[in-house]
Protein chains: 2
Amino acid sequence: MSVSRWVRVTTGVANGRPTAYGLLSGPHEGVDVTKRPTLADVAARAGLSKTAVSLVLNDRPGSRLSADAVARIHEAARELNYRPNAAARSLRLGRTGTVGFISDEVTITRFASAMIRGLLDIADEQETGVLIAETGNHPKQLAKALEFMVDRQVDGLVFGALTARLLELPTLPESMRAVTVNCVSPTVPTAVLPSEEQAGYAVTRQLLDAGHGAGLAIIGNAPVAQSDPHISVTIDRRFNGIHRALLEAGVTPVAVEEFEIWEPWHGYDATKRVLESGAPVTGLICLNDRVAFGAQQALTERGLRVPDDVSIASFDDDEIASYMRPALTTARLPYEEMGRQAMELLLRPEDSPGEHLVEMPLQVRESIRPLG
Amino acid sequence: MSVSRWVRVTTGVANGRPTAYGLLSGPHEGVDVTKRPTLADVAARAGLSKTAVSLVLNDRPGSRLSADAVARIHEAARELNYRPNAAARSLRLGRTGTVGFISDEVTITRFASAMIRGLLDIADEQETGVLIAETGNHPKQLAKALEFMVDRQVDGLVFGALTARLLELPTLPESMRAVTVNCVSPTVPTAVLPSEEQAGYAVTRQLLDAGHGAGLAIIGNAPVAQSDPHISVTIDRRFNGIHRALLEAGVTPVAVEEFEIWEPWHGYDATKRVLESGAPVTGLICLNDRVAFGAQQALTERGLRVPDDVSIASFDDDEIASYMRPALTTARLPYEEMGRQAMELLLRPEDSPGEHLVEMPLQVRESIRPLG
DNA sequence: GTCTCGTGCTGAAAGGTTTTAGCACTGGCG
DNA sequence: CGCCAGTGCTAAAACCTTTCAGCACGAGAC
């Protein structure tokens, strides 16, 4: 059916609420035009019972109605443009065909919005709606959002976070399905996370393979973030991957710049320091793209060119990575894929507890030059 | 109440659906622990009728219950941790306390996610939930989303778009409240748009006031976008503002670069062309920040510095505008404020048809140098 | 003593769906 | 003929809320 065929026909108000919906004057006569048709209307028009209509329209197996009856019901439903009333169905069934997405600020900031894309994608495939709430990291807001969702009897909950951290969630109703994306919580067994160890390893190898073992610098070492799961549970793994690659190759970086917040200006400052120190740097592992962006600004100011003089590899595949000249080689944070995974896990009938890692694919672009 | 107090107590399943919810073993005895309490449970505990409970809990004016009765009901509700069943209420009331947000790709791309922030902000204040759907510009998806929302009996609809264009929407049920944000539709009378004329004027004046009248270039003239409302209904106004300022000052640009798609590489190419043409350019009006970013890359490659040699002003206040060195002076696209406005208009009881313009504030940063 | 009115409260219907239990009929078998 | 099984269909309950209509009772007016 097409929604566009619904129009209000009178402006009458009954019981303080408008009820006057109906079909555009169309080919079918004898239809009550004052309100949305119900099962009873379809039943009347088909000359059968509500039970029969419900059975047929939901084609329940085992209900043995004559082919004629089935045809009449379908015809009547089509003619009346019947759509079931979601509230009534929810009331009866105890489920709503709706899931909730609660995050700190995934939806409302630009960084991880691809996560929503993934979520909505799968939800849509499964004819499921998504209710959204953001907490801005306030426990009060979280409690409120949760209460709202539970009251609406959502069929499941997805918890998301901007940075992959440990979340403090209240205990959920035990029958409530839930998945965390880009975060973990002791109260939710199923979690979807980016495969950071692999990414750390891949990024580092990319520079090592290009021959930068002798002049490698790390821009953005973050010991605090590494050790505090409330800041991140995955940064640690990213560094583990980096170190595994270095260890394997027997390489020690010529410089390691430490700072916890990864914004362009920090990358700029840190890289400036490295350059001023005179360390013989030929390759930069920047801990994210914004840091890499700042690093490049510092290099440019020094008259150094990427990748001719210094190569850069990085993490995230932020918008900025593709705007840079040269475009940045970086390990992509797979937000969309994580969103898809989460929704699939949530909607799947069986449980799938545990950590589900999603690969961070290396986007190889032009910021690395092979040496000699 | 706190949601965390709900836990499943048995794993029993009735009618094929789990119903076993209850209070954590707490201070109150004699409460049925097997399911969410209903009005009837509260009534029983308070020794009154369902009617009385409903009346009191919704504190309907004109219902004259004794102070004692009111107290008993509140107490019982609190003890049982009663929360009304949203589906039942919707069924009865015909409204849901939920609005729908349908857009092409506002939620799922990074550009306009602040719009959602504004929407959710206000929705939250008004205890309203938000159902989200994205159409990716497919009419099929749009119809599906609309149908879904109408079926769920949302109390209103917000239509959003990434670029401020004319939308083709099916006729809505006439009683359905609706607002468009950053887009317009003949079927929806209330629209929220950015105040582009004012922004065009302000940006241009900023360069003129700094003395760049003699060396002004426009990077990103877009005649097609200007004249096709399906691409944009506001770009036109942006140019009108620019031209009004120029006309007023009696200024003719020394160069006008035309291209319809405003990505960094286009800005880069266009600026390169201008520089190669030898036009005596001292100030660039870039039609968005990404174009400005590309322009700066071209300038830098030519050994020209911003703002020392060339000044830049731009539109949008994209992420990138604040990352650039120097940070970019730009007229902010007020997505968040537009979102707030839209939700306020939607939730307001009276209608407010017409166009609601939201100011685009000029973010004055360091990319403009006053000429001697 | 009857009527009227105000007070405090309640029964029952309505909203639209799903599902259980079961009715009425036919045909086949013993 | 009696019984059983199968076929085609339906009545009614249940889900939980809101609200209309109205009951019972006591006080005051006439």
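A note on names: the letters A, B, ... follow the listed sequences, proteins ahead of strands, and every chain is numbered from 1. Not measured: the values here are computed from a predicted model.
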For this session: Scan Ser54(B) against the nucleic acid and name what it touches under 4.0 Å (heavy atoms): base, sugar-phosphate only, or nothing.
Result: base
Output the rounded distance in Å from [atom1] ([X]) to [atom2] ([N]).
{"X": "Leu93(B)", "N": "dC15(D)", "atom1": "CG", "atom2": "P", "answer": "21 Å"}
{"X": "Leu91(B)", "N": "dT17(C)", "atom1": "CG", "atom2": "P", "answer": "9 Å"}
{"X": "Arg92(B)", "N": "dT17(D)", "atom1": "CZ", "atom2": "P", "answer": "13 Å"}
{"X": "Asp41(A)", "N": "dA14(C)", "atom1": "CG", "atom2": "P", "answer": "15 Å"}
{"X": "Leu57(A)", "N": "dT19(C)", "atom1": "CG", "atom2": "P", "answer": "13 Å"}
{"X": "Leu39(A)", "N": "dA11(D)", "atom1": "CG", "atom2": "P", "answer": "14 Å"}
{"X": "Gln153(B)", "N": "dT17(C)", "atom1": "CD", "atom2": "P", "answer": "10 Å"}

Problem set entry | NZ/NE/NH1/NH2 to OD/OE distance under 4.0 Å, Asp41(A) and Arg36(A) | no
Just jot down the side-chain hydrogen bond (donor to acceptor under 3.5 Å, both in side chains) partners of [X], sequence neighbours excluded, or say none.
{"X": "Asp59(A)", "answer": "none"}
{"X": "Ser90(B)", "answer": "none"}
{"X": "Asp351(A)", "answer": "Arg177(A)"}
{"X": "Ser185(A)", "answer": "Thr187(A)"}

Problem set entry | Leu146(A) vs Gln141(A) side-chain heavy atoms within contact, under 4.5 Å | no
Closer than 4.0 Å, any side-chain N/O of [X] to the OP1 or OP2 of [N]?
{"X": "Arg60(B)", "N": "dT18(D)", "value": "no"}
{"X": "Asn85(B)", "N": "dC15(D)", "value": "no"}
{"X": "Tyr82(B)", "N": "dC16(D)", "value": "no"}
{"X": "Arg89(B)", "N": "dC16(D)", "value": "no"}

Problem set entry | salt bridge (Lys or Arg N to Asp or Glu O under 4.0 Å) partners of residues 338-350 of chain A, not counting sequence neighbours, each pair once | Asp121(A)-Arg340(A)
Between N or O atoms, less than 3.5 Å apart, protein on one side and nucleotides 6-10 of chain C on the other: list the pairs.
from    : atom 1 : to       : atom 2 : distance (Å)
dG8(C)  : N7     : Arg64(B) : NH2    : 2.4
dG8(C)  : O6     : Arg64(B) : NH2    : 3.3
dC9(C)  : OP1    : Ser66(B) : OG     : 3.2
dC9(C)  : OP2    : Ser66(B) : N      : 2.4
dC9(C)  : OP2    : Ser66(B) : OG     : 3.1
dC9(C)  : N4     : Arg64(B) : NH2    : 3.4
dT10(C) : OP2    : Ser49(B) : N      : 3.0
dT10(C) : OP2    : Ser49(B) : OG     : 3.0

